[in-house]
Undergrad: 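Have a look at this one.
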Amino acid sequence: MRRRARNALLHAINSRDQEFKSIKRLLVYGTVYTMTKAADNLISQLSRRDAILAAAASLFRRQGFERTSVREIAQVLGMTSGSLFYHFASKEDLLVAIMEEGLRDITRSVREALAAEDRLAERLLSMIRRHLGALLGPRLDAMTVLLYEWRSLAPTAQARVMASRDDYEALWIPPINEAALEGLVDADIVLVRQTVLGALNWTAQWYRPTGRLGIDALAQRMYTVLFPRVAALEAGHVALEEAKLGGVQKWNTGTESR
C-alpha cells in the first residue's frame, strides 16, 4: 500500500513538472514512503491545495472517481482525511475544482491564440496547438478527468462545469463560421465544432509523449486532416508569396548583372 501511494504521488508530482521537482527529489532519493516533515513543509510553501488536486486527478484518472476514496487521496499525500477536508468540503468539491481549473487553463490559452493571429488558417492551427498542449501536457490527468468523469457530478455541480465547458467551446464558433462562409468547411458549424473537438479530445486515449509525433507535429497533422480546404488554401497562398518573392529576387539579380 505504501509503495502504491508513493508511486501515485510521484506521478502526480511529475504531472506538475517544475513546481514539484524538489518534492520528487525528496521521495526518489529518500527512504520514506509517506510525507516527511520537510516534504510536508515544502508542499505547504508551494501550495498544498495544488498538491491535493494533482494527486486526486491522478487517482481519479486511473481508478475512476467512484472507486477512489478520500482516504486514498489523503494517504498519497501523507495527510489525514480530516486535513484534506480542511481544503475541500467533499470529494465532489475536489472533482469540481480539478475540472474548473482545467477548463480555466485551456480557455485562457485558446483565447490567447485567437487574439494573437489574424489569418484564419493561423488562428485554427494555433487553437488546435493550444488545445492539444493543454490536453496532453502537464495537466493530462485533470483534463482526462474533465472529459470522462463529469457524469459523476450531482446535477447542480454538473451544470456549473458544463457552463464553463460551453463557454470554452463557444470560442471555436467564430473561426469555424468564417471558414463556413468561405466554403471551406460544412455549413453546419456546430457539427464541425463537435467533430473537431471530439477528434482532438480522443488523443488523450492514445497519444504517448514517446511516440513518433510531438505535440506541435501532431497539431499540424490534425489541422490538415480536420481543415483540409483551409490548409490547402493557405498552402496556395504561401506558394504564391514564395513565387512572388522568388520572381523579385530573380529580377533583382538580373538587374545587377547588367
Side-chain angles (χ1 to χ4, degrees), residues 99-140 142-148 150 161-209 211-251:
M99 293 180 171
E100 288 186 331
E101 288 206 1
L103 280 166
R104 189 158 49 245
D105 285 352
I106 196 170
T107 299
R108 180 174 60 248
S109 183
V110 171
R111 185 174 283 123
E112 288 172 357
L114 269 171
E117 305 292 351
D118 294 324
R119 297 173 65 91
L120 173 62
E122 293 169 342
R123 267 179 285 144
L124 288 171
L125 174 57
S126 186
M127 290 173 75
I128 289 174
R129 185 180 292 117
R130 294 295 188 96
H131 184 99
L132 291 177
L135 177 63
L136 304 176
R139 285 190 180 270
L140 173 62
M143 296 304 296
T144 304
V145 168
L146 169 64
L147 291 174
Y148 299 108
W150 60 271
V161 171
M162 290 301 98
S164 296
R165 183 205 63 181
D166 291 346
D167 289 342
Y168 169 68
E169 293 185 352
L171 296 176
W172 290 80
I173 288 296
I176 290 175
N177 185 56
E178 184 178 338
L181 292 174
E182 295 182 19
L184 301 174
V185 298
D186 191 89
D188 189 340
I189 59 175
V190 173
L191 178 59
V192 173
R193 180 188 64 182
Q194 291 171 331
T195 301
V196 169
L197 292 178
L200 295 177
N201 290 338
W202 188 247
T203 60
Q205 294 292 326
W206 55 262
Y207 179 78
R208 297 293 179 270
R212 60 192 179 89
L213 293 175
I215 292 178
D216 283 348
L218 177 62
Q220 183 67 56
R221 295 285 288 277
M222 293 196 75
Y223 158 72
T224 303
V225 169
L226 294 169
F227 296 102
R229 295 178 190 171
V230 177
L233 183 62
E234 181 66 11
H237 285 154
V238 170
L240 181 60
E241 291 300 319
E242 288 178 349
K244 288 180 179 178
L245 180 60
V248 170
Q249 291 175 339
K250 184 176 180 181
W251 186 85

Undergrad: Quick one, Leu120 and Leu233 - any side-chain contact, counting heavy atoms below 4.5 Å?
TA: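 Leu120 does not reach Leu233 side chain to side chain.
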Undergrad: Which atoms form the tightest heavy-atom contact between Trp172 and Val110, and what is the distance?
TA: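 Here Trp172 and Val110 meet closest at NE1-CG1, 4.4 Å.
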Undergrad: Can you find a pair of side-chain heavy atoms, one from Leu147 and one from Leu135, that are under 4.5 Å apart?
TA: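 Counting from C-beta outward, Leu147 and Leu135 do come under 4.5 Å.
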Undergrad: Can you give me the closest heavy-atom contact between Ala180 and Ala187, atom names plus distance?
TA: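 Taking every non-hydrogen atom into account, CB-CA, 4.4 Å.
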Undergrad: In Å and rounded to the nearest 0.5 Å, what is the CG to CG distance from Leu124 to Leu114?
TA: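 Output value for this atom pair is 8.5 Å.
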Undergrad: Please find the pair of heavy atoms, one from Val161 and one from Leu146, that lie closest to each other, and give the distance.
TA: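 Closest heavy-atom pair between Val161 and Leu146: CG1-CD1, 4.0 Å.
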Undergrad: How about Leu103 and Glu100: do any of their side-chain heavy atoms sit closer than 4.5 Å?
TA: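 In short, these two side chains do not touch, never coming nearer than 4.5 Å.
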Undergrad: Can you see which heavy atom on Arg130 is nearest to which on Glu112, and at what distance?
TA: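 Smallest interatomic distance, heavy atoms only, reads NH1-OE1, 3.2 Å.
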Undergrad: Does Thr203 reach the main-chain N or O of Leu200 with its side chain, forming a donor-acceptor pair under 3.5 Å?
TA: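 Checked: pair present.
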Undergrad: For a quick test of reading the model, state the closest non-hydrogen atom pair linking Glu234 to Arg119 and the distance between them.
TA: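 Nearest heavy atoms, Glu234 then Arg119: OE1-NH2, 2.9 Å.
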Undergrad: Does the side chain of Met127 come within less than 4.5 Å of His131's, by heavy atoms?
TA: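 His131 vs Met127: side chains apart.
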Undergrad: Within this structure, what is the CG-OG1 distance for the pair Leu191 and Thr195, rounded to the nearest 0.5 Å?
TA: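 Leu191 atom CG to Thr195 atom OG1 measures 4.0 Å (nearest 0.5 Å).
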Undergrad: Using 0.5 Å steps for rounding, measure from the OG1 atom of Thr107 to the CZ atom of Arg165.
TA: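 Thr107 OG1 to Arg165 CZ: 11.5 Å, rounded to 0.5 Å.
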Undergrad: Crowded around Asp118 CG? As in, over 12 foreign heavy atoms under 6.0 Å?
TA: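 Check fails, neighbour count at 12 or below.
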Undergrad: Distance check, rounded to the nearest 0.5 Å: Asn177 atom CG versus Glu182 atom CD?
TA: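 It is 10.5 Å, given to the nearest 0.5 Å.
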Undergrad: To the closest 0.5 Å, what do you measure between CD1 (Ile106) and CZ (Arg139)?
TA: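 Reported to 0.5 Å precision, the distance equals 11.5 Å.
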Undergrad: Please tabulate, for side-chain N and O atoms in residues 211-232, each donor-acceptor pair with protein atoms closer than 3.5 Å (sequence neighbours left out).
TA:
residue, atom, partner, partner atom, Å
Thr224, OG1, Gln220, O, 3.1
Arg229, NH1, Gly183, O, 3.1

Undergrad: Give me the atom names and distance for the closest heavy-atom approach of Ala134 to Met143.
TA: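 Looking at all heavy atoms of both residues, the closest pair is O-CG, 3.5 Å.
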